There are 4 protein chains.
Amino acid sequence: MKKKFTEKQIHILDVAEKLIAKKGFEGTSVRDISTKANINVAMISYYFGSKEKMMSHLYQYRVQKTRESFAEFAETIKEGKPEMQMKELVKYVVNQLFKFNYFHGFVTQELRHTEHLKEDLLDFYNTFTHKIDDVTKKGIASGVFHHAPKPEDLLTLIIGSALFAIRNKNFYSLYVPGKEENYLQEAEKKILASLLVTVFSTLGYQPN
Amino acid sequence: MKKKFTEKQIHILDVAEKLIAKKGFEGTSVRDISTKANINVAMISYYFGSKEKMMSHLYQYRVQKTRESFAEFAETIKEGKPEMQMKELVKYVVNQLFKFNYFHGFVTQELRHTEHLKEDLLDFYNTFTHKIDDVTKKGIASGVFHHAPKPEDLLTLIIGSALFAIRNKNFYSLYVPGKEENYLQEAEKKILASLLVTVFSTLGYQPN
Amino acid sequence: MKKKFTEKQIHILDVAEKLIAKKGFEGTSVRDISTKANINVAMISYYFGSKEKMMSHLYQYRVQKTRESFAEFAETIKEGKPEMQMKELVKYVVNQLFKFNYFHGFVTQELRHTEHLKEDLLDFYNTFTHKIDDVTKKGIASGVFHHAPKPEDLLTLIIGSALFAIRNKNFYSLYVPGKEENYLQEAEKKILASLLVTVFSTLGYQPN
Amino acid sequence: MKKKFTEKQIHILDVAEKLIAKKGFEGTSVRDISTKANINVAMISYYFGSKEKMMSHLYQYRVQKTRESFAEFAETIKEGKPEMQMKELVKYVVNQLFKFNYFHGFVTQELRHTEHLKEDLLDFYNTFTHKIDDVTKKGIASGVFHHAPKPEDLLTLIIGSALFAIRNKNFYSLYVPGKEENYLQEAEKKILASLLVTVFSTLGYQPN
DNA sequence: GATGAATGAGTGTTCATTCAT
DNA sequence: AATGAATGAACACTCATTCAT
């Protein structure tokens, strides 16, 4: 079931997403959002009912967007070999995280009345889990993979590493080449390379 | 340089740490802390200067504590073989994260005036990086490891995965056996097992 | 001079009257009214200019209605003896108050720009005063009444008592028989009986 | 059980009482109160918890005060004859109403969570009811009164009339001599005179 | 050294009203 | 003639902090 958002609502959600990513839900005031979005303070309540409900809509919006993107992506790799599919899958997930890491950021915070939000996200993660499982099994069948780690552990590895690199810039940037302003791009490359090695090692990859 | 904290300060920091872990920095008021700690509201400002400076002291306190713990731990494994050392190292790091995950939790939030905090934490992570690097090299030298992944990537893998499992209970608990109230214990076991496989795979471990 | 109200306006006023009676002028929002009346929020401003002006129109509307009703009533008693007229008059006034007490309720609140409203009401009360005076004098002339209290004091007695019984349900209901949900009906009976005794005593009533 | 209020609290309550009397509970903002009382806005929440709880304290304060005053008054008339006692009682009640009419004003408004407030007031009114009943019976016994109207009806008569005169200045002032600024004093005299006649008539008063 | 009282800035939300259509 | 979107002002309240003692 696809929820419709008006252009204005999307505009607000976009602004809110970035601010909340940077300063957290509690750290971001509706006045911050409204100022940055060039709208009236009252609009957040007006459009979404409350700050917290806005958060709820934000989740739905982001999950929906990502799901659409993933469906498209899945189509592009459906013809390839398992090893290619796995590589592209890792690439895709890492890329999404670097694009929308803030979204995953505030998931962790304990929000009240957000049970169904968490279900949205759960559902969302499971999309990846299933895909990873499929590809792993196909790889084992075709003889390129020799181990079948639990898909949820693989996903945890990928998402956890990416998010950690994103959020702990102070630490990880020490090992990332290039200028500070390119940190995210360079970090993505580095963590992706590392993850591919790790994932393929764990799968016991042997080219045919 | 070791900072001294009075008993009262430590008491406040202990209470604050737990509350902040649960509700976030902004979500935790100084009144919450002072009520729970049975002290006067004014004490936080009085002892630490401000709520934010208290945060700063909290970092120092936790880093200091962990450093002491780590020094002790390092002593216990210094005689073993590299593969044992690596295993224990992973175990130790994961265990620390499960114990003090909240601490790492709020690292990510963009606090103002916290540059030196971040340095503390950086320094702290590097302690692990160096140890991982040492053990990896020793393992390569002794012929049990055949690849030398970047230590910062290994650490990222370990910390990232553990924190993700901790924070995304909704997702990960689906795959964790046992009762909900034992989630953390069971999740620690599961993620540790997974990480050991992954780390040793990545290191190209081959027993002599 | 009779003001004309459109059907829609009357509909809004009816809804508003009830809500304001229950929750007070300030306690009733234009959204409450518009929701209950199934009209657009903007309609109140659109039809009446403002919430406060709507109030003004509400007064006029209620005064006008009551005046019409009173004229009708006066007709029905014009042939009777003074004692019967007085009794019916008290009954009529008490009945009106129990029907439209809310209307008198919000009279007391200090509204801004309401001078002419008050005049409406004043005029309205004076209708009764004059009638009471007439009947009193006729009763004295016919020898059934022996005192002539000031008509405004008699009216004050009647209106004050009725309103107090209506508004201080908590107190008065202690002495009123029957179920809570019939309070108003029972209270009306009781206060009416009491007032008749009091009024006739004060008039020094002696049947011919 | 006597609740203690600090001087500052009493100061706030005094200011609040007057404002609320004039503009109603909803019509009076905490800013109005704090401005007039020359205190910080936050003080109302600080001292009383919330605006509504302040209201609760206001009731208690006023009831307590009046109860003290009444105990004192009762002492002064305990030696007199019933007719004198009744006269003084009416005088006292009317006087209290003119002094603290605003207090009775907002009783009527439907406040949430104020059940126990209403009980306070109920209890308070009953103090008068019982006294009226006592004096009536004594008067009947001593042969000066010949009717025994229900005490609650007598009280309703007195309070209702006084409050109506106070609140409907526009109407009642037409019949009150003297300047506008002396309205309350003159109205008190007039309504008292009227009430004494009415009450004694109703009691069937005959001097021995 | 420690505290209770007090403060001013800021919070999210609701309000009556306006405006473009 | 009527409305849905939008607004700015006001709302009650909470915050971290200060200050007099």
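Here the structure is a predicted model, which is why all the values come from computation and not from measurement. Numbered from 1 within each chain, the chains take letters A, B, ... in sequence-line order.
B:Tyr47 does not carry B:Lys53 over the face of its six-membered ring by the limits of under 6.0 Å from the centre and within 45° of the normal.
Remark: B:Tyr47 is in phosphate contact with E:dA2, judged by side-chain N or O atoms under 4.0 Å from OP1 or OP2. Contact annotation: D:Lys51 does not reach the phosphate of F:dC11 (side-chain N/O to OP1 or OP2, under 4.0 Å). Neither OP1 nor OP2 of F:dC13 sits under 4.0 Å from any side-chain N or O of D:Tyr46. Residue D:Ser29 places at least one side-chain N or O closer than 4.0 Å to OP1 or OP2 of F:dC11.
Near DNA chain E, defined here as any heavy-atom distance below 4.0 Å, the residues from residues 33-45 of chain B are B:Asn40, B:Ala42, B:Met43, listed numerically.
The CZ-C1' distance, from C:Phe48 to E:dT18, rounds to 18 Å in whole Å. For the pair B:Asp32 CG and F:dC15 P, the interatomic distance rounds to 7 Å; values are reported in whole Å. Atoms NE2 (D:His11) and C1' (E:dA5) sit 16 Å apart, rounded to a whole Å. Summarising the geometry, the separation between CD on B:Glu26 and P on E:dG12 is reported as 11 Å, rounded to the nearest angstrom. Here the P atom of nucleotide E:dT17 and the CD atom of C:Glu52 are 8 Å apart, to the nearest Å. Atom CD1 in B:Ile12 sits roughly 15 Å away from atom C1' in F:dA16 (whole-Å rounding). If you take NZ of A:Lys53 and C1' of E:dT14, they are 13 Å apart, rounded to a whole angstrom. Atom P of nucleotide E:dC15 and atom CE of C:Met54 are separated by 14 Å, given to the nearest angstrom.
Counting any heavy atom pair closer than 4.0 Å across all strands shown, A:Thr6 reaches no nucleic acid atom.
For C:Gly49 and B:Lys8, each mapped to the nucleotide of DNA chain E holding its nearest heavy atom, the one lying further toward the 5' end belongs to B:Lys8.
When both distances must be under 3.5 Å, the Watson-Crick or G-U wobble mate of F:dA5 is E:dT18. With a cut-off of 3.5 Å on both pairing distances, the Watson-Crick or G-U wobble partner of F:dC11 is E:dG12.
Interatomic distance, CD of D:Glu17 versus OG1 of D:Thr28, reported as 11.5 Å (0.5 Å rounding). To the nearest 0.5 Å, the span separating CD on B:Gln60 from CE on B:Met55 amounts to 12.5 Å.
The aromatic rings of D:His57 and D:Phe48 sit tilted relative to each other, their planes meeting at an angle between 30° and 60°.
In this structure, the side chain of A:Gln9 engages the main chain of A:Thr6 through a donor-acceptor pair within 3.5 Å. Between the side chain of D:Ser34 and the main chain of D:Arg31, a donor-acceptor pair closer than 3.5 Å is present. No donor-acceptor pair closer than 3.5 Å links the side chain of B:Lys8 to the backbone N or O of B:Met43.
In this model, no side-chain donor or acceptor of D:Arg31 finds a partner on the base of F:dA10 within 3.5 Å.
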